[in-house]
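What follows is a set of notes on a single structure, which appears directly below.
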Amino acid sequence: MIKKEMIAMLLAGGQGSRLGVLTSKVAKPAVAFGGKYRIIDFPLSNCINSGVDTVGVLTQYQPLRLNAHIGIGIPWDLDRNIGGVTVLPPYEKSGNSEWYTGTANAIYQNLDYMEAYNPEYVLILSGDHIYKMDYEVMLDFHKSNNADVTIATMPVPYEEASRFGIMLTDDENRIVDFQEKPEHPKGNLASMGIYIFSWKVLKEALIKKSDQSNCDFGKHIIPYCHSQGNRLFAYEYNGYWKDVGTLSSYWEANMELINIIPIFNLYEEFWRIYTKSDALPPQYISEYARVDRSIIGEGSDIYGEVYNSVIGVGVTIGEGAVIRDSIIMKDTKIGNGSHIDRAIIAENVQIGENVEIGFGDEVPNKLDSKIYNGGLATIGEYSVIPSNVKIGKNTAISGITNTGDYPNGVLGSGEYIIKAGDVE
Amino acid sequence: MRAIGIILAGGNNNKMKELSNKRAISAMPIAGSYRSIDFSLSNMSNSHIQKVAVLTQYNALSLNEHLSSSKWWDFGRKQGGLYVFTPSITADNGFWYQGTADAIYQNISFLKNSHEPYVVIASGDGIYKLDYNKVLEYHIEKKADITVVYKEFPEGADVSRFGCIKMNEDSRITEFEEKPLVATSNTVSTGIYVIRRRLLIELIEKCESEDRYDIVNDILVRYKNIKRIYGYKLPTYWSNIATVESYFKTNMDFLKPSVRDYFFKQYPDVYSKVDDLPPAKYNPGSAVKNSLVSSGCIINGVVENSVLFKKAYIGNNCTIKNSIILNNVYIGDNTYIENCIVESHDTIRANTTHVGSNGEIKIVLERNERFNL
């Protein structure tokens, strides 16, 4: 009989709407990160590096890119005879069929998948964080405490604690109370959204709470387990962990990679991060190019100047173009003479010649100033920007635009052009 | 495809000097991200040849490592796939491969057990793109017994290390001279052949019974008057890397836009084993011009007109000019390198200078202790 000590369930169905046009066509875990990776590569690589070889990936929002990326799991060595990676979308049932309505509900709908592997422990992960973590160490902690539930936590500054679920623990790390996004936090140990459950406890809780609408781990399952007197422990993690849920934090996390010795180091032999990559040629830096303090992916051709930027694979930067403090993703083309400052430009974008992005003063975005801020210009995938236009700060562009969309050739700060995709 | 493939990858050549000490020529790194055999293998895959044998002999460690999984070239198939044949001692034979024909003879069951009517034979040291189907069509149209793919060199080029051919007006080969002292033609064989499988078995068995072991001398040269041997012209880029000079030049060719465009941008692609390496990193102080840079590189110095293979570390205040830095090389601070090939896994101490000349490329072999960062 199949027996896996611990299997992982990776929640990858969320839209990540705070990433704006970046996630209008792709789920957040499939958004590119750090030149050649996608966000989901980090938890998937953590799994295989931790010896977890059975991973169910729960998808729902725009799963195409995610499915194509994961495939049968070859890049992560997750193509296994028994176990490996399985993509788990919502499915129709003979009774009441429903979408995944909450994190715990999604797991509940896949009880059969977990049952098939007869696990002792189930690891719950989310697909939107950048970190390296050995889940086996966390499992050892779980076992040595004889815990029913272990929640990975990390200390955060008190002023930020109200954004998180806060765990209050006793001397032995046992959780005595918790606060979900508290106004007045009593502690600063924030939940990272990573849980290890003993399988019997998880199964019982999911079944008991199956009628709960929008059933969520933080809001429903953890409080339920606590009320049942289960042994809940907080595992304190002190390494690098970054939530890339907003455009600013996404931009910052990328920029941290270009430091001389980055806090989050992709160049270490130990704990490699794997990703699906094609066999691509090396990058070419031309006679007149200038590259400083940047990382650049395979197959890119650089004819212009690149400073403080993260450039993906297969990107072309034209002659005389100047890129500063920007993220440019896979297969995007920047025309000759364009100047780009503090921009996030998604995959397969075409930018014409002599375009200026990021000029002028900061003005709050008119579409949603909570999403588009920090002075960043954000351009969604497959967008086209015509030659000779100027685009300001805190702007958003998505779709194929032409000169007519830019009055007098200018899109001022705080403006937006959305011509394709879903926008909230 | 109606053919199976054989790639001859066993060779070594003293013209490669120290570079071939640690690997077969077919495993030589090319153009930053590839190894020489990737080109023939990708051609096989892109020509829809589903079953390919790679015959190896000389120092096959790097090559075997590179071929450890056939999935990169799409040969991870249930039907067909990639076969790697190294010499083995059997009840009938206790020798190494004594030549190209002998290498095939010792694995003749591969030919006998196949059912495809044709065989494409290629070597692992050619850098080119070719749809073998076109050669096969030509072969059938000419009713040829053997078709040899040839390349025309410019007048006056040194072709003394190749097999030189002459053809009549119908492209039938009338003269074939292997490694001529004085070349009478500038048309050379690329070592790519198409032949009927049954004819190949027959010729190889005949050779073996006469204690002859070489495809070129004992089949092509010997049979050129009684078998219909035709030449097929390869009009596009082709380079054989089996000398230090040509290896260096071939890599440098990839700095030309036309060569990069042909191999990197035009369909079909060249495949290679994928390493999980991070993007190349340019730290303050780096100044890279007209160079190819591969993934996993970290650059702190000046790099001009050079090819950096995977995982090269260039220290502060270094200058690398007109050079090739092979895989996983660490170059300490304040180092000056010009007209060199730096062997893979080298660790070069800080404050050193290595200079070759344009005519005589220096091969740098420095196995110093490396402190892992």
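Residue numbering restarts at 1 for every chain, and letters A, B, ... go by the order of the sequence lines. Because the structure is predicted, anything quoted here is derived from the model rather than measured.
- Remark: aromatic rings of B:Y262 and B:Y237 are distant, center separation not under 6.0 Å.
- Between A:R342 and A:D325, no side-chain nitrogen of the basic residue sits less than 4.0 Å from a carboxylate oxygen of the acidic one, so the salt-bridge criterion is not met.
- Under a 4.0 Å N-O distance rule, the pair A:E305/A:R324 does not qualify as a salt bridge.
- Within the 4.5 angstrom heavy-atom criterion, no atom of B:F309 approaches chain A.
- Side-chain atoms of B:Y336 and B:E338 include a donor-acceptor pair closer than 3.5 Å.
- A salt bridge links A:E269 to B:K311: at least one charged side-chain nitrogen sits closer than 4.0 Å to a carboxylate oxygen.
- At a 4.5 Å heavy-atom cutoff, B:K273 makes no contact with chain A through either its backbone or its side chain.
- Only the side chain of B:K265 comes within contact range of chain A, with heavy atoms under 4.5 Å apart.
- Heavy atoms of A:S277 lying under 4.5 Å from chain B belong to its backbone as well as its side chain.
- A ring-centre distance under 6.0 Å is not found for A:F264 and A:Y131.
- Proximity to chain B (any heavy atom under 4.5 Å) is restricted, for A:L280, to the backbone atoms N, CA, C and O.
- The contact list for residues 37-51 of chain A toward chain B, using heavy atoms and a distance under 4.5 Å, reads A:Y37 by residue number.
- Side chain to side chain, B:N328 and B:Y313 fail the donor-acceptor criterion of an N or O pair below 3.5 Å.
- By a heavy-atom distance cut of under 4.5 Å, B:L255 are the residues of residues 250-257 of chain B near chain A, going up by number.
- In this structure, A:W241 and A:H129 have tilted ring planes: the angle between them lies in the 30° to 60° band.
- Side chains of A:H339 and A:N354: a donor-acceptor N/O pair is absent below 3.5 angstrom, by distance only.
- Salt bridge annotation for A:E347-A:R65: present, with a cationic side-chain nitrogen under 4.0 angstrom from a carboxylate oxygen.
- Aromatic rings of A:Y303 and A:Y288 (six-membered ring for Trp) have centroids beyond the 6.0 Å cut-off, not under it.
- Note on B:D276 versus A:R272: no salt bridge recorded, every NZ/NE/NH1/NH2 to OD/OE distance being 4.0 Å or above.
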Distance-only check: which donor-acceptor pairs under 3.5 Å involve side-chain atoms of residues 284-294 of chain B, not counting sequence neighbours?
unit_1 : atom_1 : unit_2 : atom_2 : d
B:S286 : OG     : A:V291 : O      : 3.3
B:S286 : OG     : B:N283 : O      : 3.0
B:K289 : NZ     : A:A289 : O      : 3.4
B:N290 : OD1    : A:Y284 : OH     : 2.3
B:N290 : ND2    : B:N305 : OD1    : 2.9
B:S291 : OG     : B:K289 : O      : 2.8
B:S291 : OG     : B:N305 : N      : 3.3
B:S291 : OG     : B:S306 : N      : 3.1
B:S291 : OG     : B:S306 : O      : 3.4
B:S294 : OG     : B:G32  : O      : 3.1
B:S294 : OG     : B:L308 : O      : 2.8

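- Within the 4.5 angstrom heavy-atom criterion, only backbone atoms of A:I258 (N, CA, C, O) approach chain B.
- Neither the backbone nor the side chain of B:V303 comes within less than 4.5 Å of any heavy atom of chain A.
- Side-chain contact, A:Y240 with A:E256: a donor N or O sits under 3.5 Å from an acceptor N or O.
- Contacts between residues 292-301 of chain A and chain B, defined by a heavy-atom separation under 4.5 Å, are made by A:D292, A:R293, A:S294, A:I295, A:I296, A:G297, A:E298, A:G299, A:D301.
- In this structure, the portions of B:A280 lying under 4.5 Å from any heavy atom of chain A include both its backbone and its side chain.
- Under the 3.5 Å distance criterion, with hydrogens and angles disregarded, no donor-acceptor pair is assigned to the side chains of B:D333 and B:N317.
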